[in-house]
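Computed from a prediction, not measured in an experiment: that's the story for all the values here. Within every chain, numbering begins at 1; the chains are lettered A, B, ... in the order of the sequence lines, protein sequences first and strands thereafter.
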Amino acid sequence: MGERLLGREFFDRPSDVVAPGLLGRVLVHGPVAVRLTEVEAYGPPGHDPASHTYRGRTPRNAVMFGPPGHLYVYFTYGMHYCANLVCLPEGMGSGVLLRAGEVIEGADVARARRHRPATSGPLTHPGRVPAERDLARGPARLAVALGIGREHNGLDCCVPGELRVLEGDPPSPAAVRSGPRTGVSSAADTPWRFWIDGDPTVSPYRKHVPKTRPN
DNA sequence: GTCGAGATAAACT
DNA sequence: GTTTATCTCGACG
């Protein structure tokens, strides 16, 4: 017992307020539990050029316009899933990207998913056994560790169910750092990435590098 | 630790 | 056609 869920009102605030408050919280899916150590906030339409919702609602981002506390899962780079928690009331379109965490339960299951993920798709990483701290270090790896895929898009994480967010053990405010978001080309000066200072599971910062394939 | 290249889907111009 | 809220691998230090 003692599984205290984060209430929906927690998410019914701007994403840059929710994001630092999510650090130290625990996301649970089956036998695997991850304590969040790094997150990024994405703002509502028209206010944040880096947000999926910047240009309004599309089939992909529809969940972000739904009620707060639900999970928004998207597929990117042709092979990775990333997970967000929706913020602000229904209709606003904002959320927090879950960038990294520490696997505190079910590490064996999380590690096994690296080889044979719960969802079908090109997520296999054959031949390599990841170190404990790398299991959920980075948004796509966090999704793999928790077994999150397309089928979890839109799930409510504020009720007892398959996926849920627990109150966990937040760090002291002094241990929270912030800086520019990772891999975004626009609004690079907006310090909406938050992490727990000194935590080994925080992903290394990578600035955006434009892609162009020769030929 | 750094670097570059490649894999690949969906949204966008 | 190009870009993207990424990761892995090998090479190198």
Query - Selection from B:dT8, B:dA10, C:dA5 that lies nearest to any side-chain heavy atom of A:Arg150 - result: B:dA10

Requested in this report: Kindly point out which of C:dC7, C:dA5, B:dC12 is positioned nearest to the side chain of A:Arg141?
Outcome: C:dC7

Output the rounded distance in Å from [atom1] ([X]) to [atom2] ([N]).
X       : N     : atom1 : atom2 : answer
A:Arg99 : C:dT4 : CZ    : C1'   : 13 Å
A:Tyr72 : C:dA5 : OH    : C1'   : 9 Å
A:Phe75 : B:dT8 : CZ    : P     : 10 Å

Query raised in the report: Could you spell out the base pairing of DNA chain B in dot-bracket, with Watson-Crick or G-U pairs whose two distances are under 3.5 Å, [ ] crossing and | to another strand?
Result: |||||||.||||.

Query raised in the report: Would you say a side-chain N or O of A:Arg60 is under 4.0 Å from OP1 or OP2 of C:dT4?
Result: no

Query raised in the report: If only side-chain N and O atoms of A:Arg137 are considered, is one of them under 4.0 Å from the OP1 or OP2 phosphate oxygen of C:dC7?
Result: no

Heavy-atom closest pair, residues [X] and [Y]:
X        : Y        : answer
A:Thr201 : A:Ala100 : O-CB, 3.4 Å
A:Ser94  : A:Pro44  : CB-N, 3.7 Å
A:Ala33  : A:Val26  : CB-CG1, 3.9 Å
A:Pro89  : A:Pro68  : CA-CD, 4.2 Å

Query raised in the report: Hey, are A:His52 and A:Tyr72 close enough side-chain-wise for a donor-acceptor pair under 3.5 Å?
Result: yes

Report task. Scan residues 177-203 of chain A against DNA chain B and write down, sorted by residue number, each residue with any heavy atom closer than 4.0 Å; if none is found, say none. Result -> none

Query - Residues touching DNA chain B, which here means a heavy atom under 4.0 Å, drawn from residues 22-54 of chain A - result: none

Query raised in the report: Salt bridge check: are A:Arg181 and A:Asp48 linked by an N-O gap of less than 4.0 Å?
Result: yes

**Report entry** Short N-O contact, A:Glu132 and A:Arg111, less than 4.0 angstrom
**Finding:** yes

Query - Lys/Arg cation over aromatic A:Phe10: A:Arg13, 6.0 Å, 45° cone - result: yes

Requested in this report: State the OG-CG distance between A:Ser203 and A:Asp134, to the nearest 0.5 angstrom.
Outcome: 10.5 Å

Report task. Kindly compute the distance separating NE2 (A:His152) from CG (A:Leu163), expressed to the nearest 0.5 Å. Result -> 5.5 Å

Query raised in the report: Side chain of A:Tyr74, base of C:dA5: donor and acceptor closer than 3.5 Å?
Result: yes

Query raised in the report: By centroid distance (under 5.5 Å) and plane angle (under 30°), are A:Tyr77 and C:dT4 in a stacked arrangement?
Result: yes

